[in-house]
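Comments concern the structure below.
Note that the numbering runs from 1 along the sequence shown for the chain.
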Amino acid sequence: MDAPIATLMPTTPITPTATDYGEPPSSETQPNKRRRKKSIVWDYFTVETVGAGCTRACCNQCKKSFAYITGSKLAGTSHLKRHITMGICPVTRQKNQQTPPPPGFKPGNATDPPKRRYRTSPGLTSIPFNQDRCSQEIAKMIIMHDYPPHIVEHPGFIDFVHTLQPQFNVVSFNTIQGDCVALYLKEKQSLMNFIREIPGRVNLTLDLWTSNQTLGYAILTGHFIDGDWNLHRRILNVVTIPSPDSDFAFNQALVVCLSDWHLESKLLTLTLDKSFSNEIINRNLRGFISVKNPLMLHGQLLIGNCYARVISRLAQDALGAMEETVKKIRESVKYVKTSDAHEERFFELKEQLQVPSTKDLFIDDQTKWNTTYHMLVAANELKEVFACLESTDPDYMIAPSMEDWKRVEILCVFLKYFLDAANILTSSTYPTASVFYHEVSKIQLELTQASMSGDSFISNLTRPLKEAFDEYWKDCFLILAIAVVIDPRFKMKLIEFSFSRIYGEDAGIWFKAVDDGIHELFHEYIVLSLPLPDTFMEEENEGMLKTEIHLEGTTQDRTPLEGNGQEGIIGEGTQGAPQEETARGPSEDIPSQEVLYHQESHSQEVLYHQDAHCQEVASQDMHLITIGDGLSDFEVYITELTSSQPMKSELEQYLEEPLVPRTQEFDILDWWKLNQLKYPTLSRMASDILSIPLSTVTPDSVFDTTSKKIDSYRSSLRPVTLEALICAKDWLQYGSVSSEISNAIVKMDF
């Protein structure tokens, strides 16, 4: 065998006269050009030339000579290997008997093939063993794959590591905890530096995970667009909440997040979920946020419901309305899939009936509603086979009726709408806010029409779904609509088209609410972009600003930023369905933006534009008259005509330009990146709006029917360790956002 022989037999320098593959040496072949022999036998044999065209291999131990090359014939090395490994060499056999084998050596026999000698890269042998780097890699492995930190103390893991590297000193649980937290802090600093440089605002989502210990865990995730117009989604904090039912439970979590990441004045929106929030919680959070963050659109951008959870509840309600039928189909599928004989018989019936379905039956996972939908679709395509099975198998007595199958088919139609709406959240990249409107408006239209159906089953099934979805639509239609207006392929045209189908004659009221809303939002960005006055000039400048803003006859006497203390969070009544003006008082004005937005948004430019033109016209007038070329009056006329026309704002210019053609390759972020110089203020608004998250859940939880739970092991860890494991895993999957951060990791002691 290779190992013992190598320890007993010295290596003799090789002076071969043949090439690596045994060809006779050429007279033109130079020694320095001969390739090195790769076979293991040349550690124990020396090639000798004994005559013209004859080369033999001589054993370095017993000195016995073996044929190797005779003329053009090559004998190969197999017989040489047998001489070594099978104990034929007497000298080697005698030494093996006198020297005890090393620990773990298993003696070979005549049938054992010689082992291949694996060669490593010359550079690898020079790399020194690094205990700290190995520990850091173990910490990274634990984070990325959700391994328990206690794995470093498991006997199987210890044996495995010692087999790979006997020099490695396996670390303790406390040490690996510190390594995980140190890696988390390093990545956090890198991400913090990155967020500090983004030009726009950050949008947050707040989700609640639970545990068996009745503890709550607030998961705060940031969404933002960087300077290169790339959309990012990062988990920022995991905050333990001892009493998640408290009305102020989430205030502290929000304080921690805003303080940690220095977002006190950069927060735009906060997306919650009504499954764990209520009006009191929303009001408390809005009041806290408004201290340092002016609430855009009077707080209407504080999203009060999670898109994915709304869709999930609709699907569960639809399935619950047909609970008995769904249960009957599930039991039928179980009857077939849990017995090989039943499944074989079912397949035979399918072949006999020549059912064209290519779908396979499977039992659904009741914690994922999409699996139930797919189970129903597959079973419905095989309903004839189930009916035939009932007549041929006396033990099968739970077959659904044909009426049941008909209703399941109708149910699957609406579940398909919900599935399509939820699938936009399952892609590898998080979608921009502009893609949600189409799916939401489609569901709103389909449920509206179905609830008025003459079929009693359809109307009874969809009427409760419509009532539930109406609440979400009322809360979020404005932000959904503004986001799609930012898409140059649709602008206001899609809003006008879809509202006419949903509301009919009342579409104008809803359309006006969107038009007013986007103009007021743009006006607020205009105001925020103005330079801040000095403290001693605040009141005077504020008065001048109001005078200039209302230059063109605006009758309202409040600035758009006033009213932040109003009840503005979605779900609290400020963003309800638009009403006719004759049916509401001033305080109930839902659009509440009855101002000439396009005039306000460029009022200052108009003011200075007019002043400049007045002076220029006077100068040109005198100059042209003195020339006397007969066209001086015409020039004055054109100048006066041009100066009398109001300058259009960026928003008005954008809305009036033709729609961008719809193509598969269109990227809305790339479009705004290319047009940000053309629309400097509007592009800033677009960057913030497009990064608004409509959902609080991760892609793997989109179809969940229950809230996410922290297992007992993780909930027993220190809060800082738990946060490090969850956040660092999220960050590492995207790679490092900055290559300039030092690779050094600070050790943490526990």
Side-chain angles (χ1 to χ4, degrees), residues 275 308-339 342-343 345-347 349-350 353 355 357 359-422 443 446-471 702-707:
S275 64
R309 295 274 169 77
V310 169
I311 300 299
S312 181
R313 282 191 286 269
L314 287 177
Q316 293 178 73
D317 291 345
L319 291 168
M322 295 184 60
E323 182 177 5
E324 292 301 322
T325 303
V326 173
K327 182 178 179 181
K328 194 182 297 184
I329 294 176
R330 183 180 292 117
E331 293 301 320
S332 296
V333 175
K334 287 182 180 179
Y335 182 83
V336 174
K337 296 298 291 182
T338 55
S339 169
H342 295 166
E343 188 170 13
R345 177 58 179 161
F346 188 86
F347 182 77
L349 292 174
K350 176 185 175 183
L353 296 173
V355 177
S357 174
K359 297 185 182 299
D360 294 326
L361 291 177
F362 69 94
I363 304 171
D364 65 327
D365 176 1
Q366 296 185 52
T367 64
K368 301 278 188 181
W369 65 264
N370 63 319
T371 64
T372 305
Y373 162 76
H374 290 301
M375 179 191 71
L376 294 177
V377 171
N380 187 62
E381 292 188 5
L382 299 168
K383 53 181 177 289
E384 295 89 352
V385 185
F386 281 106
C388 188
L389 182 65
E390 182 184 26
S391 61
T392 59
D393 189 343
D395 295 331
Y396 177 59
M397 298 177 291
I398 52 176
S401 65
M402 293 310 296
E403 183 65 21
D404 289 336
W405 288 115
K406 180 180 178 181
R407 293 183 173 182
V408 165
E409 188 171 355
I410 295 173
L411 171 65
C412 288
V413 170
F414 292 99
L415 289 179
K416 182 64 166 60
Y417 293 140
F418 305 149
L419 183 72
D420 291 342
I443 292 177
E446 296 296 340
L447 291 180
T448 299
Q449 295 179 347
S451 63
M452 298 183 293
S453 171
D455 188 319
S456 59
F457 172 75
I458 296 178
S459 59
N460 291 335
L461 173 67
T462 57
R463 192 175 296 116
L465 303 180
K466 180 183 181 302
E467 292 175 358
F469 196 71
D470 278 347
E471 183 179 357
V702 169
F703 302 105
D704 286 1
T705 57
T706 57
S707 60

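With ring centers used as reference points, Phe418 lies 6.0 Å or more from Tyr373.
For the atom pair Asp404 CG and Lys406 NZ, the distance stands at 12.0 Å (nearest 0.5 Å). One distance of note links SG of Cys412 with CE of Met322; it measures 8.5 Å at 0.5 Å rounding. With rounding to the nearest 0.5 Å, the separation of CE in Met375 from CG in Leu361 is 9.5 Å. To the nearest 0.5 Å, atom CZ of residue Arg313 and atom CH2 of residue Trp369 are 13.0 Å apart. Here His342 contributes atom NE2 and Leu389 contributes atom CG; the two are 8.0 Å apart, rounded to the nearest 0.5 Å. Once rounded to the nearest 0.5 Å, the distance linking CZ of Phe703 with CD1 of Ile311 reads 10.5 Å.
Between Glu331 and Lys334, at least one side-chain nitrogen of the basic residue sits less than 4.0 Å from a carboxylate oxygen of the acidic one, meeting the salt-bridge criterion. Salt bridge Lys368/Asp704: present, at least one basic N to carboxylate O contact under 4.0 Å. A salt bridge is defined here as a Lys NZ or Arg NE, NH1 or NH2 lying under 4.0 Å from an Asp or Glu carboxylate O, and Glu403 with Arg407 meets this definition.
Heavy atoms only, all atoms of each residue included: Ala321 and Leu461 are closest at CB-CD1, 3.8 Å. In terms of heavy atoms, Cys388 sits closest to Leu353 at CB-CD1, 4.0 Å.
Judged by distance alone, with hydrogens and angles left aside, the side-chain atoms of Thr371 form a donor-acceptor pair with the main-chain N or O of Asp365 at under 3.5 Å. No donor-acceptor pair closer than 3.5 Å links the side chain of Ser332 to the backbone N or O of Phe386. A donor-acceptor contact shorter than 3.5 Å links the side chain of Ser451 to the backbone of Thr448. Checking side-chain atoms of Thr462 against main-chain N and O of Leu465 turns up no donor-acceptor pair under 3.5 Å. The main-chain N or O of Ser357 is found under 3.5 Å from a side-chain atom of Lys350 such that the two form a donor-acceptor pair. Looking at Ser312, its side chain never comes within 3.5 Å of a backbone N or O of Ala308 through a donor-acceptor pair.
Taking the side chain as every heavy atom from C-beta outward, Arg330 and Asp364 approach each other to under 4.5 Å. Contact of the Leu349 side chain with the Phe347 side chain is not registered, since no non-hydrogen atoms from C-beta on lie closer than 4.5 Å. Two residues are said to be in side-chain contact when any heavy atoms from C-beta on lie closer than 4.5 Å; Arg463 and Leu447 fail this criterion.
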For Leu382 and Phe346, run side-chain contact (heavy atoms from CB on, under 4.5 Å): C-alpha distance rounded to whole Å, both residues' side-chain angles, the deciding distance at 0.1 Å, then the answer. CA-CA 10 Å; Leu382 299 168; Phe346 188 86; 3.9 Å; yes
Could you check Leu415 against Leu319 for side-chain contact (heavy atoms from CB on, under 4.5 Å), going step by step and ending with a plain yes or no? CA-CA 9 Å; Leu415 289 179; Leu319 291 168; 3.7 Å; yes
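The neighbour count for Phe362 CZ, taken as heavy atoms of other residues, nucleotides or ligands under 6.0 Å away, is above 12.
Judged by distance alone, the side chains of Tyr335 and Asp393 do bring a donor and an acceptor atom under 3.5 Å apart.
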